[in-house]
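Throughout, residue positions are numbered sequentially from 1 according to the sequence presented. In this text, all values refer to a predicted model and were calculated from it rather than measured experimentally.
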Amino acid sequence: VPSAFVRETLEPLLPAFQKGAILLNVAKGFAPGTRTPLPFMLEKLAPGHSCVHLAGPAIANEFARGQTAFVMMASSSEPAARRVAERFSGPTFAADVTTDVTGAALGGALKNVYAILLGALERLSGNSRNLEGAAVTACVHEMADIATAHGGRRATLFGLAGLGDLVATGFSPDSHNRRFGQMLASGKPVEAIKGEIGWLPEGVRATAAACSLADEKKLPAPLAGWVQRSLAGEPPSLDGLMAALHRTSSA
């Protein structure tokens with residue numbers, strides 16, 4: 001269920017939950033209209049139930065094809081995370097655990113923003129692997145700066161929940177956020193893209209939250225800012241993106 005519809009889907013089901021049932025959140029984003037990562041919203045909606053958040057590279061179409069995946073289960077309750085990880089682990093699905101819910105949840109939400117950037121970069125740069133390598137490096141550093149400033153662990157953002165998820169979402173042909181970035185860089189305005197594909201991917205909604213989280217802690221976030229300006233109507237350009245990359249400390 002996309003993040004925008006998690007609350008309205010979950011609330012009618014809560015009375016039917018068995019005592020001690022564990023909620024497994026597989027949506028990656030912020031609660032609608034807020035900067036609250038979804039697992040924290042779920043904890044408030046369902047007090048008395050442990051909430052586990054699936055983090056890491058998790059392209060659904062690859063699951064459906066039976067391709068191997070490595071993910072993280074994040075929860076403030078390590079026993080709950082381990083219980084879910086054990087239940088889901090199998091020949092093509094490996095799950096580790098972390099108690100860094102903030103880092104894991106922010107990694108999953110923020111990577112959608114930077115996946116839009118990577119999709120746009122592919123179109124603007126003529127598929128330059130050199131620039132993509134520099135951009136991935138800069139993106140994960142910016143993600144880590146934002147997440148750690150809000151209580152996450154930096155190591156989490158350089159693991160499956162951050163870097164791993166960014167690589168999968170930023171480069172998979174199945175990624176809605178990457179495809180959106182490609183279309184944006186081709187000169188199509190946001191509303192035209194929405195009309196063509198029927199919806200807007202998670203990264204569009206997450207961009208304002210990412211910039212707000214950075215602003216709150218007075219952090220420079222030139223890459224998220226470039227995405228935000230592009231969404232607002234500024235024509236995406238390689239020169240503009242290069243300028244944003246030069247303003248990062250890690251490109």
Pair Asp174 + Arg65, salt bridge at N-O below 4.0 Å: yes
Can any side-chain N or O of Ser186 pair as donor or acceptor with the backbone N or O of Met183 at less than 3.5 Å? yes
Any side-chain to backbone donor/acceptor pair from Glu202 onto Ser3? Under 3.5 Å, distance only. yes
Flag the pair Val71 / Leu160 as yes when at least one side-chain heavy-atom distance between them is below 4.5 Å, and no otherwise. no
In Å and rounded to the nearest 0.5 Å, what is the CG to CZ distance from Leu121 to Arg178? 9.0 Å
Any chance you could lay out the ring pair (Phe, Tyr, Trp, His ring centres under 6.0 Å) test for Phe93 and Phe70, step after step, and finish with the verdict? CA-CA 6 Å; Phe93 195 92; Phe70 290 78; 9.2 Å; no
Donor-acceptor contact below 3.5 Å, side chain Asn177 vs main chain Gly203: yes
What residues, two or more places apart in sequence or in another chain, satisfy side-chain hydrogen bond (donor to acceptor under 3.5 Å, both in side chains) together with Arg153? Thr99
Any donor-acceptor N/O pair, Glu142 side chain to Leu223 backbone, under 3.5 Å: yes
Test salt bridge (charged side-chain N to carboxylate O under 4.0 Å, His left out) applied to Arg87 - qualifying residues, sequence neighbours left out: none
Pair Asp145 + Lys217, salt bridge at N-O below 4.0 Å: no
Could you tell me whether the side chain of Lys44 and the main chain of Met41 form a donor-acceptor pair under 3.5 Å? no
Residue that, paired with His53, satisfies side-chain contact (heavy atoms from CB on, under 4.5 Å) out of Ser76, Ser75, Pro39: Pro39
Verdict with reasoning, Phe158 to His141, per ring pair (Phe, Tyr, Trp, His ring centres under 6.0 Å): CA-CA 8 Å; Phe158 283 89; His141 276 275; 5.2 Å; yes
For Glu86 and Arg83, what are the C-alpha separation, side-chain angles and deciding distance, and is it a salt bridge (charged side-chain N to carboxylate O under 4.0 Å, His left out)? CA-CA 5 Å; Glu86 290 169 3; Arg83 182 178 171 191; over 6 Å; no
